[in-house]
Amino acid sequence: MTARTLYDKIWDDHVVHQAEDGTCLLYIDRHLVHEVTSPQAFEGLRMTHRKVRAPEKTIAVPDHNVPTTLDRANAATMTEESRIQVEALDKNAKDFGINYYPVSDVRQGIVHIVGPEQGWTLPGMTVVCGDSHTATHGAFGSLAHGIGTSEVEHVLATQTLIQRKGKNMKVEITGSLRPGVTAKDITLSVIGATGTAGGTGYVIEYCGQAIRELSMEGRMTVCNMAIEGGARAGLIAPDEKTFAYCMGRPHAPKGAAWEAAVSYWKTLFSDEGAHWDKVVTLRGEDIAPVVTWGTSPEDVLPITGTVPNPADFTGGKVEAVQRSLDYMGLVPGQKLSDIKIDTVFIGSCTNGRIEDLRAAAAILKGKKKKDGLRAMVVPGSGLVRAQAEEEGLAQIFIDAGFEWRLAGCSMCLAMNPDQLAPGERCAATSNRNFEGRQGRGGRTHLLSPAMAAAAAITGHLTDVREMMAETV
Amino acid sequence: MDKFTTLTGIAAPMPLVNIDTDMIIPKQFLKTIKRSGLGKNLFDEMRYTQDGAEIPDFVLNQPAYRHAEIIVAGDNFGCGSSREHAPWALLDFGIRCVISTSFADIFFNNCFKNGILPIVLPQEQVDVLMADARKGANARQTVDLEAQTVTTSDGQVFPFTVDSHRKHCLLNGLDDIGLTLEKVSAIDTFEKKAGTLRPWA
């Protein structure tokens, strides 16, 4: 039998029909839905008198619009338009009989955190959502990617997607990470090496010792940003850590079904000799804590670096870098660690899980944020929030002067009231530093939760390794 | 979905690389529950000042390009989020074709679902089309999907490739869901088989 990659295997197991020109109908095991990209899809179903084919495989949760302040039960905290979108999801979930976690449910949170947490996401599955960060679920060895609203409607109606197979790309991180370096630094460093279009047309499999050594939370952070590297999907072969994470989750199989599932999951790896269309290798030891300086996730450098000069680039990137520096209010040659910040945002589907909060709290313990700086922690789900309170992390954040919020997407994309003002500069654990992403004129520097915590204490971008030396 | 057969129209030059979906349609306009009406907010933060006045330098505000139907763009157009509001906004403004060296996957896919044709051409050819677009409103470019060609205002012809299934759907304005539901028995069979092999899924 031909050697196959993990992606090949999952693909082969989900092809419903293949046309002569290679176009496939791919079966979808899990469809996650949120309030922003679904209303037009449900409307389409109503207009054509179609039903949701597999409501039991469809899971909805509002996350993008919802306020994260403690008074959010008060409807006045939401704009009229946001309220209408959330109410539309309430109604659509009820009318079409799909699984639903409303705002009032403690399990509510960011869709990409809720899916794995509740055991909906399992190895070997196909998972889609009308959201580009669906790549997150690839951490379980599932084929997971974002889709547009027309495709949301297509999956609702048919439980399939019309797809062409992508190419295989291997990203190997050899060796181990050094202290102070995290999954976020891996994923940003890969994008720095390949560019934001480096993965276009590919499905990435992340592998190597440094990936194996990551927790499931870390693996989700790595896969989450596959899309920022241009790849629709990124995945990691499941192993004992994956199985341990899934075991006992509400929607994971139990008993004999669990045993059968695990024996299937153990076949999910890339065979020796499988074909790769592209291979990228980074040494774990070479990866440093990084920050972004521009308005594209590929604009990333180690914290010890300096702001680059547009003249160092070629082609269309020269103009883009000049535009970025103007937008970001930075000058070439400026030390990254001299950049002063106004705001710190810890949260998002990239870094809103318990391990992220632990990493930030470890740096903040017994310390205070810089005076005058705005700092907030937005847990990725109600359950992450509850766990962080139980572990004492919430109190560390509160004592350090952070706002301790309820779960949602929040300032990652600023669709709810959590936004930057023009010119406001933010150290953010989220995934996009695009112009206007966190609010019109807002300036975003992407970094890890530990680096965000360090920046909150000093008031400027800071090498977290210096603080770790202090505490040892 | 409207058919796409041939199009002759004004092409707006947007040479910036990595034009992302937050630029195409900023998030504050994603709160709609409709597909229509987004054209006025296309490229909102590049197109208008904070108080809503037009920024005269922005290409689509220039008299020559206010009725553009084609955009010639820098590399990696449409990167970022999966929001279909991006093609909806382009379409509502009147854009039916975007030409670049590369597109982000999800955006590329979303275009075809809405009757917009994204065309990938090599850098040298995009450069020629960009220079042609800069000539203004009299320099109309022609896109012929059946023949798979783009023709500059002075008659240079560049062939392009397009997926045969997507071409068929665009030419005929076909709805994917209807086509897929013709294969419902294949889906039923797959579900039965998968239900035995992977009952937990």
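Letters A, B, ... are given to chains in the order of the sequence lines, protein chains preceding strands, and every chain is numbered from 1.
Looking at Lys31(B) and Glu35(A), no side-chain N of the basic residue comes within less than 4.0 Å of a carboxylate O on the acidic one, giving no salt bridge.
Chain A forms more heavy-atom pairs under 4.5 Å with one residue of Asp75(B), Thr32(B), Thr21(B), Asp44(B) than with any other, namely Thr32(B). Of the listed residues (Asp105(B), Val17(B), Asn18(B), Asn109(B)), the one with the most heavy-atom contacts under 4.5 Å to chain A is Asp105(B). Between chain A and the options Thr180(B), Thr189(B), Leu16(B), Leu181(B), heavy-atom pairs under 4.5 Å are most frequent for Thr180(B). Annotation: maximal heavy-atom pairing with chain A below 4.5 Å, among Asp175(B), Asn110(B), Asn114(B), occurs at Asn110(B).
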Practice item. For Trp88(B) and Gln40(A), run side-chain contact (heavy atoms from CB on, under 4.5 Å): C-alpha distance rounded to whole Å, both residues' side-chain angles, the deciding distance at 0.1 Å, then the answer. Key: CA-CA 11 Å; Trp88(B) 294 339; Gln40(A) 295 86 351; 3.6 Å; yes

Point to revise | salt bridge (Lys or Arg N to Asp or Glu O under 4.0 Å) assessment of Lys113(B) paired with Glu153(A) | key: CA-CA 11 Å; Lys113(B) 311 287 182 193; Glu153(A) 185 178 340; over 6 Å; no

Practice item. Could you walk me through whether Asn76(B) and Thr196(A) pass the side-chain contact (heavy atoms from CB on, under 4.5 Å) test, one step at a time? Key: CA-CA 8 Å; Asn76(B) 199 27; Thr196(A) 48; 3.3 Å; yes

Practice item. Using the side-chain contact (heavy atoms from CB on, under 4.5 Å) rule, take Val16(A) and Lys183(B) through it: C-alpha gap first, then chi angles, then the decisive distance, then the call. Key: CA-CA 9 Å; Val16(A) 172; Lys183(B) 302 195 185 80; over 6 Å; no

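Considering Ile187(B), Val184(B), Leu179(B) in turn, Ile187(B) is the only one that fulfils the side-chain contact (heavy atoms from CB on, under 4.5 Å) rule with Thr158(A).
Within residues 192-201 of chain B, the residues that have a heavy atom under 4.5 Å from a heavy atom of chain A are Arg198(B), Trp200(B), Ala201(B), listed by number.
A donor-acceptor contact under 3.5 angstrom links the side chains of Ser164(B) and Asp21(A), judged on distance only. No hydrogens or angles considered: nothing links the side chains of Ser150(A) and Asp176(B) as a donor-acceptor pair under 3.5 Å.
For residues 34-60 of chain B, the pairs satisfying ring-ring contact (aromatic ring centres under 6.0 Å, His included) are Phe43(B)-Phe58(B), with sequence neighbours left out.
Gln419(A) has its side chain out of reach of Gln28(B): every pair of non-hydrogen atoms, C-beta onward, lies at least 4.5 Å apart.
Judged by distance alone, the side chain of Arg432(A) and the main-chain N or O of Gly80(B) form a donor-acceptor pair under 3.5 Å.
Residue Asp188(B) touches chain A through both its backbone and its side chain, counting heavy-atom pairs closer than 4.5 Å. There is no contact between Gln123(B) and chain A, counting heavy-atom distances below 4.5 Å. With a 4.5 angstrom heavy-atom cutoff, Phe107(B) does not touch chain A via any of its atoms.
How far CG of Asp22(B) is from OG1 of Thr295(A): 11.0 Å, rounded to the nearest 0.5 Å.
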